[in-house]
Amino acid sequence: EEDLKSFRQWGSRTPGHPENFETPGVEVTTGPLGQGIANAVGLALAEKHLAARFNKPDNEIVDHYTYVILGDGCQMEGISNEACSLAGHWGLGKLIAFYDDNHISIDGDTEIAFTENVDTRFEGLGWHVIWVKNGNTGYDEIRAAIKEAKAVKDKPTLIKVTTTIGYGSPNKANSYSVHGSALGAKEVDATRKNLGWPYEPFHVPEDVKAHWSRHTPQGAALEAEWNAKFAEYEQKYKEEAAELKAIITGELPAGWEKALPTYTPESPADATRNLSQQNLNALVKVLPGLLGGSADLASSNMTLLKMYGDFQKDTPEERNVRFGVREHGMGAICNGIALHSPGFIPYCATFFVFTDYMRAAIRISALCEAGVIYVMTHDSIGLGEDGPTHQPIEHLASFRAMPNVLMLRPADGNETAGAYKVAVLNRKRPSILALSRQKLPQLPGTSIEGVEKGGYIVSDNSSGNNPNVILIGTGSELEIAAKAADELRKEGKTVRVVSFVSWELFDEQSDAYKESVLPSAVSARVSIEAGSTFGWAKIVGSKGKAIGIDRFGASAPAGKIYKEFGLTPEAVVAAAKELC
């Protein structure tokens, strides 16, 4: 009762929108319209996948439905169509969506902007559609619709429930004024009278309490029954039970990180997108909850798991998920998968620039603590000829500004492995891996352990923690910083090269560690990154120099663009000489 009384107040467990980190029993954080239905598709995908992998003829250990409510606004958002198209394609028969068809949105009647035939659209998407005409009091109709939905095994079901918004309010029912505003004391009183509700505010009559509370013992009995069923399953199917338990609990297998590949400077140069694929294929052998895919770019993002087939309607046990060109839906579906069970580690991929199409889902990942791994390739002007529409500039800075996100930009194989180690361990915050299209050398001095610190020393010919200059690079530009350091050292300078893979991880280190990498006494600092210089002043200080790109890119071969934009060892050397 106290929770209800403090609705939308500071520190309450009843915020304005459902938040899984505030309120027990809330599975996902929704709010931006369309996210919830897309999350539900992810939750239903997770159920179908687990059932296909772990159920046995004598023991159906995974067997649950996913229910979701969506409104007219959700139907208008493009993300809902993206996700529902996939749900139909995948035949998610245990997904049941209630569409609250009340014809009202914030601006008024839906006649002003939304007149399509939703039923026909969903039938076209491969859904079973049921219409409950009296959603206000037609409880038996709703019960019958659920029963019918459960009988349809090969399609998700949309139950269109036609309702009156603000039902019972004599003056505000069926109007947009009841959509997001309180009724007010006078109208609340009139509504009580109209509904014949004689009780005081917040009073719950005993018969109502008894009706709802019956679920507590029922739920406990169902859970005890399932636990007994799982104990039997564990006896007969030890290996599968251990895997399923790991997915349910989120406990990572002992020594899983030993599967991460390591590299030496003698290893062949390669694009970090290719090195990422090596990591994914190594990790899928030891992480039972790892699955994912790309928005129609798997052969470019290099995200295919070679030992598995495609998750499809008839092969749901497989672990490559084909999302098609649906970035926004993909992100939100992965949030649903991540929040289904703590041991699921979903990843999804596209070109880094197309995070613009899915930013709302990434922000929800961060807000609701869903540890999705975003594999973002073609991370800079280094992608070359595709030009400025495809070349990210402001993206690194924008994600560094987003709370509870790890933005990782590895420079080579060891750093890519380190980025995956960090991403797998961080189950309550999403990781974005910005990966190159172009080949990069395996640099001396890089390490998995270094990545875990966010920023670390790759090479240094100084002593006493007092170099003449510190050169800082990320990703493909770490090589440029290293080459510039070689030149400066030939001229007698003491130079420290720092790889700055993740600002967030570096910020979390002790003051002593940060001082050991970036000593406050050394103001001669040069950063180089093929992206916006926004934010770099925090790292290089007021006396340092940030080399980057503060305009859109261009269409040309990568080497030519780097030269034209001044992202060269020569430019770094010149900047360093101005400072020391």
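For the numbers below, each heavy atom of this structure counts, side chains included, while hydrogens, waters and symmetry mates do not.
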* Asked: Under the side chain to side chain contact (heavy atoms under 4.5 Å, CB included) criterion, do Y374 and I362 qualify, and how do the steps go?
  -> CA-CA 9 Å; Y374 291 94; I362 297 173; 3.7 Å; yes
* To do: Give the intermediate values and the outcome of ring-ring contact (aromatic ring centres under 6.0 Å, His included) for residues H395 and F352.
  => CA-CA 8 Å; H395 298 72; F352 192 29; 5.7 Å; yes
* To do: Evaluate the side chain to side chain contact (heavy atoms under 4.5 Å, CB included) criterion for residues I448 and Y420: first the C-alpha distance (whole Å), next the side-chain angles of each, then the deciding distance (0.1 Å), finally the verdict.
  => CA-CA 9 Å; I448 289 173; Y420 271 103; over 6 Å; no
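Partners of D3 according to the side chain to side chain donor-acceptor pair (under 3.5 Å) rule, which considers only residues two or more places apart in sequence or in another chain, are R13. Take S510 and apply the side chain to side chain donor-acceptor pair (under 3.5 Å) test, not counting sequence neighbours, and it matches no residue. Applying the salt bridge (Lys or Arg N to Asp or Glu O under 4.0 Å) rule to K94 yields the partners E47, D63; only residues at least two apart in sequence or on another chain are considered. Listed by chain and residue number, nothing satisfies the salt bridge (Lys or Arg N to Asp or Glu O under 4.0 Å) test with E239 (two or more places apart in sequence, or in another chain). With sequence neighbours left out, K150 forms a salt bridge (Lys or Arg N to Asp or Glu O under 4.0 Å) with no residue at all. Scored by the side chain to side chain donor-acceptor pair (under 3.5 Å) test, T355 finds no partners at all (sequence neighbours excluded).
Under a 4.0 Å N-O distance rule, the pair R53/E243 qualifies as a salt bridge. Of the charged side-chain nitrogens involved, none lies within less than 4.0 Å of a carboxylate oxygen, so that R319 and D310 do not count as a salt-bridged pair.
H203 NE2 to E1 CD: the interatomic distance, rounded to the nearest 0.5 Å, is 9.5 Å. Atoms OG and CG, on S267 and N414 in that order, are 7.5 Å from each other to the nearest 0.5 Å. Between the CD1 atom of I432 and the CE atom of M402 there is a distance of 7.0 Å, given to the nearest 0.5 Å. To the nearest 0.5 Å, atoms OG1 (T157) and CD1 (I159) are separated by 6.5 Å. Note that the CG atom of D72 and the CG atom of N102 stand 5.5 Å from one another [nearest 0.5 Å].
Sorted by first and then second residue, the ring pair (Phe, Tyr, Trp, His ring centres under 6.0 Å) pairs involving residues 4-56 (not counting sequence neighbours) form an empty list. Screening residues 333-345 for salt bridge (Lys or Arg N to Asp or Glu O under 4.0 Å) gives no qualifying pairs among residues at least two apart or on separate chains. Applying the salt bridge (Lys or Arg N to Asp or Glu O under 4.0 Å) test to residues at least two apart or on different chains, the pairs with a partner in residues 347-366 are D356-R359. Among residues at least two apart or in separate chains, salt bridge (Lys or Arg N to Asp or Glu O under 4.0 Å) pairs with a member in residues 414-424 are K421-E452.
In this structure, W90 contributes its side chain and D314 its backbone to no donor-acceptor pair below 3.5 Å.
Using the six-membered ring where Trp is involved, F354 and F351 have ring planes that are parallel, under 30° apart on the 30 and 60° scheme. Classified by interplanar angle (parallel below 30°, tilted 30° to 60°, perpendicular above 60°), the ring pair H215/H211 is perpendicular.
In the displayed structure, E223 atom CD is contacted under 6.0 Å by at most 12 heavy atoms of other residues, nucleotides or ligands. Around the CD1 atom of I69, the shell of radius 6.0 Å holds no more than 12 heavy atoms that belong to other residues, nucleotides or ligands.
For L4 against T14, the heavy-atom pair with the smallest separation is N-CG2, 4.4 Å.
No side-chain N or O of S436 forms a donor-acceptor pair with one of D379 less than 3.5 Å apart. Judged by distance alone, the side chains of R121 and Q75 do bring a donor and an acceptor atom under 3.5 Å apart.
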Taking only distance into account, with no hydrogens and no angle test, what donor-acceptor pairs under 3.5 Å do side-chain atoms of residues 279-287 form with protein atoms, sequence neighbours excluded?
unit_1 : atom_1 : unit_2 : atom_2 : d
N279   : ND2    : L275   : O      : 2.9
N281   : OD1    : K306   : N      : 2.7
N281   : ND2    : Q277   : O      : 2.9
N281   : ND2    : L304   : O      : 3.1

Under 3.5 Å, sequence neighbours excluded: what are the donor-acceptor pairs made by side chains of residues 125-137?
unit_1 : atom_1 : unit_2 : atom_2 : d
W127   : NE1    : C84    : O      : 2.9
H128   : NE2    : E148   : OE2    : 2.8
W131   : NE1    : T162   : OG1    : 2.7
N134   : OD1    : N136   : N      : 3.2
N134   : OD1    : T137   : N      : 3.2
N134   : ND2    : T137   : OG1    : 2.9
N136   : OD1    : T164   : N      : 2.9
N136   : ND2    : T164   : OG1    : 3.0

